[in-house]
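One structure is given here, and the rest of the page talks about it.
First listed ligand is number 1; within each ligand, the first listed atom is number 1. For this chain, numbers begin at 1 and follow the sequence in order.
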Amino acid sequence: MKKLQCIYEDGDHKWYIIARDPAKPDYVIDTNEYLVCADGESIILDPGGIEIFPAVFSAVCEVFDPTEIKTVFASHQDPDIISSLSMWMEANPALKCYISRLWSPFIPHFGGTDETFINIPDEGMDIRLGGKLLQTVPAHYLHSSGNFNIYDPKAKILFSGDIGTALVPAEMNTSLFVENFDEHIQYAEGFHSRWMGCEKAKTDWCERVSAMEIDMLCPQHGTIYKGDDVKRFIEWFNQLPIAVAV
Ligand code: FE
């Protein structure tokens with residue numbers, strides 16, 4: 001069973017992470033899903049793949065009626081991000097999915113109809129959640145050609161998709177938060193050098209997010225960067241050679 005844990009709370013504005021399923025088969029990469037709630041509404045960020053759908057669905061049930069979830073956000077097209085779409089649509093056939101305009105013609109191969117997709121333009125757009133606005137932040141080529149992060153300016157949380165991923169060995173992957181940055185970052189290096197495809201996109205992203213107030217940088221795999229570790233991560237990423245097949 002995946003654990004659901006609240007990482008931010010201000011009244012009914014809440015961020016939950018759904019992570020760390022000890023029952024998950026080892027051959028499936030570990031993922032984090034995020035449920036954001038505000039003013040009685042909810043959105044799931046990168047709801048995940050078919051394999052882990054039952055674990056994510058039952059975790060969501062602990063705090064929110066899944067049939068009431070009206071929107072999901074997909075940072076990009078990968079199977080571990082959005083292949084569960086048709087299963088979420090069984091809970092709510094009117095579900096909307098925000099995704100880059102590049103990927104909306106491809107994702108119906110996983111599920112959805114012409115009513116399902118809301119195309120995010122390359123420059124990004126706001127997503128309304130109750131009375132709050134979430135911003136989609138362009139992160140193209142990091143790693144996907146049409147790729148977005150989500151920034152919550154009120155909570156000061158950046159959901160960074162694959163950026164920030166660390167493939168920490170399972171036995172060490174117990175804490176939700178980075179505890180020792182220097183120890184941790186070795187598990188992020190191979191992933192970022194291989195999967196991140198464009199040097200200019202990387203430096204642009206680093207400049208863009210450096211100007212934002214971020215208390216937590218939350219990746220789709222691995223561990224959350226908090227406080228000063230957010231800046232440390234951005235500086236580390238900025239100087240890392242990428243697009244390297246090692
Ligand atoms: Fe991916």
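We find that Arg101 and Asp122 are joined by a salt bridge, their nearest charged nitrogen and carboxylate oxygen being less than 4.0 Å apart.
His192 meets the ring-ring contact (aromatic ring centres under 6.0 Å, His included) test with Phe233, Trp236, Phe237; sequence neighbours excluded. Remark: Asn32 pairs with Arg20 by the side chain to side chain donor-acceptor pair (under 3.5 Å) rule, at least two apart or across chains.
The count of protein N, O or S atoms under 2.8 Å from the Fe ion (ligand 1) stands at 4, with waters excluded from the count.
Between Ala59 and Ile18, the closest heavy-atom pair is CB-CG2, 3.7 Å.
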Residues 1-10, side-chain donor-acceptor partners within the protein, below 3.5 Å, at least two apart:
unit_1 : atom_1 : unit_2 : atom_2 : d
Lys2   : NZ     : Thr31  : O      : 2.7
Lys2   : NZ     : Glu33  : OE1    : 2.7
Asp10  : OD2    : Lys154 : NZ     : 2.7

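Applying the 6.0 Å contact sphere to CG of Asp126 captures more than 12 heavy atoms from other residues, nucleotides or ligands.
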